[in-house]
Amino acid sequence: MDASFRRRPQSGSRLSALLGILAVAVIAGVMIAVSVTPAVALTGSAASQGIGLFQHLPSDLEIKPPDQKTQIFAKDGSKEVKIASFYAQNRDVITWSQLSDVVKNATVAGEDVRYWQHGAVDPLGMVRAAIGDALGHPLQGASTITQQYVKNVCVQEAENLSTAAAVKKAYDVCVSPSIARKLQEARYAIGVEKEYSKQQILLAYLNIAGFGGQIYGIESAAHYYYDTTAAKLTIAQAASLVAIVNNPQVLRLDIPGNIAANTVRRNYILGVEVKQHLITRDQYATAIATRTVPRITQSTNGCRASGEAGFFCQYVVNTILSDPHFGATYQDRIDNLQTAGWKIYTSLNLAVQRKAQAAENAYIPMSSPQFQIGSSATSVQVGTGRILDMVQNKTFSQSGGSSTATGVNFNANEVLGDSIGFQPGSTYKLFTLLDWLETGHTLNDVVNGTGRTIPAGDFTACGQQYEGHDWNVHNDSSVYNGRTSVLRATAYSINGAFASMAQQLDLCDIQNLAFKLGVVPADGETHPTMYLPFVIGGSYGVSPVSMAAAYAAVANKGVYCAPIAIDSVVKPDGSQLAVPSAGCHRVIPEQVAIAAEYALRTVFQYGTAAGDDTADGVYEFGKTGTTDNAVQTWTDGTSSKATTVVWVGNNGTRQSLFDVDFGQCAAGGGSSASVQRHCVYKDVQTAIDQQYGGATSWPAPEQQYLGAVAPTLNRPASSGAAGRHGTRHPAAPTTRSTPRPTAPTGPAPIATPTAGVG
């Protein structure tokens, strides 16, 4: 709320105000006598009436911690670095030891010169203030610091109400000149001084007081107006800041026209300090001769101050706003983010983040004249789900988008990043492969890899014959036609072979396995249409971070951990708030995961990701994905420690990346935009390996998952194999380690195939 609103003049004549203050002073004097010396016998009807009036007023003021800013931190080496702050009131709460004597002295001199001598209410001060006000000298305040603290608590509670009308109504009550309000304030103040020491009250006052605009508390005021701390303020600076609380709108230092008025008030405070022997004559002379020259230092509110970590910051914010751990309702979560004073420690590794962003910048332009280019990269720690980096080829913007800036997080889903995701291409074949192995098939089983039209009735969905359209399956090249092993089909991402595998599986099992591994529609759709081509390329947009968590589950030998961005949240009192868990649990049998890893390793050895291996000897495996005509391209790879997923593609257009030249990419072996993902992946995973290491070998799969060695293993099929159709492989046992999931949807008609070779 603007300070001018808080300081609006109230109605009532000066005479009535004078009489009211005198009445309060008399009654307060009686009440103080009763409170401090209850054994004193008081006589007279006035005294009795005063005591009775006070006895009917509430005295149990509930004092809550002042609103504080919430701060988000990320790790940079061994240091926790603040990447963002959120606040309704820009306040940094400090301790008594962080408060310099010059601030304490200036506050007492300016607001309550007898603070250390009197009780919660100062009748002499109230009388003196009333007389001064009547004579036109309103420099002396009628309220003690304790009373001002009580009023500030009231104002803060009013400002936290949900509507402007409610705020105004409650605020007017807090600052009303009525005798009833002043008496209540006095009784509250006495109750506060019974519970707290003078030091505690002065500190609380300096932490809650308003210093103009959104600046609250002496620490934030010192930073904002003088780019320093409360502990390092000079005598002149401290007096000029304390001067502001007398009338923030008129005396705040960020309005140039206020400097002269602030200096007058500052000099008055300095004069009181020297008279009360709080500063020496020499210190007074130096301070009074010092020009009031503020050094305004803005504090940025929100993720726009996070730089290259902006998208990750917004991911954290959206996690808070969408999760009941952080408040029962959405409004509660907003309020907590802005006022609870949490310190949020995240999973982000800033050293890796910088290198990941450098890789994006090196290989992917922020914009293209040919299409709406988008790209992102993210890494998830294996075994914990912790997100280690999150970058993309745009700058973060909270105020709309452009060709080079956006508020949409390409790595996230709609809830956490406003993205509806991207079709994953052949990276989705992971789930067909896992289901193949889990239902008793082997890597060396031979299937028909030829591109062809397959009758819809050859497929099963949720235990029933699929009733959609026939499927015209295409391979990227006729060189992949013919019979082939599943191992070789994985290395070269052969569509025809995976279609043949799906003929021996249940489509619902494949999709539900993806769901169990966290790969669900990014737009929140719970029952996506199950078109036949989904088994080789997905039928819905997915988020890169969900794909990273799925591949990390394979590296974790079948234990899935949901991606998380928040490690811990510390409250102002030092206690910790419960935060969302990764919920690590087994989804895939360990030996199935090991066998899948064995197949996915061939992708990096000699398949579609050949050349993507980092040069550090860390064992890596994964899968690539390219949708039809290279509209979307992916590289998903992992070590035993961390998984990296890179997406490069169209963000709203359908331009073929084959036809766009981005410059040479050594890892991809060309300059086409379709291969740039390889270079981004290699650079990011190299940075990951440097930080986290990784195994240099992997357990061998059990023989039951290998099967008999296929004669075509590792040997490309000749183009003469095109058009050959082998017999369907006999159905293997379909026993699963877990019950078959309920079908997410019934059979659906086929759409135009959109998945291509990886």
Check this for me: I420, atom CD1, are more than 12 non-hydrogen atoms of other residues, nucleotides or ligands nearer than 6.0 Å?
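Open: at most 12 neighbouring heavy atoms sit under 6.0 Å from CD1 of I420.
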Look at the side chain of [X] and the backbone N and O of [Y], then say whether any donor-acceptor pair between them is shorter than 3.5 Å.
| X | Y | answer |
| --- | --- | --- |
| N650 | V631 | yes |
| S671 | D661 | no |
| D612 | K682 | no |
| T450 | G482 | yes |
| R586 | K557 | yes |
| Q632 | W647 | no |
| S539 | M530 | no |
| Q392 | F410 | yes |
| S639 | A642 | yes |
| Q676 | G668 | no |

Roughly how far, to the nearest 0.5 Å, is the [atom2] atom of [Y] from the [atom1] atom of [X]?
| X | Y | atom1 | atom2 | value |
| --- | --- | --- | --- | --- |
| D523 | D418 | CG | CG | 12.5 Å |
| R452 | N475 | CZ | CG | 8.5 Å |
| D509 | K516 | CG | NZ | 9.0 Å |
| I594 | L437 | CD1 | CG | 12.0 Å |
| M501 | K429 | CE | NZ | 9.5 Å |
| D323 | N318 | CG | CG | 12.0 Å |

Measure the acute angle between the ring planes of F431 and Y428, then classify it against the limits of 30° and 60° as parallel, tilted or perpendicular.
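The rings of F431 and Y428 stand perpendicular, inter-plane angle above 60°.
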Pair [X]-[Y], side-chain donor/acceptor within less than 3.5 Å:
| X | Y | value |
| --- | --- | --- |
| Y315 | N411 | no |
| S426 | S493 | yes |
| T432 | D435 | no |
| S500 | N448 | no |

With sequence neighbours excluded, tell me which residues meet side-chain hydrogen bond (donor to acceptor under 3.5 Å, both in side chains) with [X].
| X | result |
| --- | --- |
| S640 | none |
| T614 | D616, E620, D689 |
| H585 | none |

Contact summary for [X] and [Y], nearest pair of heavy atoms:
| X | Y | answer |
| --- | --- | --- |
| I387 | S347 | O-OG, 2.6 Å |
| Q372 | G652 | OE1-CA, 4.0 Å |
| T624 | V603 | N-CG1, 4.4 Å |
| A595 | P701 | CA-CB, 3.8 Å |
| S672 | L657 | OG-O, 3.0 Å |
| C584 | G383 | SG-O, 3.8 Å |

Using the ring-ring contact (aromatic ring centres under 6.0 Å, His included) rule, pick out the option among Y681, F621, Y598 that qualifies with F604.
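Filter result, single survivor: Y681.
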Centre of W634's six-membered ring, under 6.0 Å away, within 45 degrees of the axis: is that where NZ or CZ of K623 sits?
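No, a cation-pi geometry is absent between K623 and W634.
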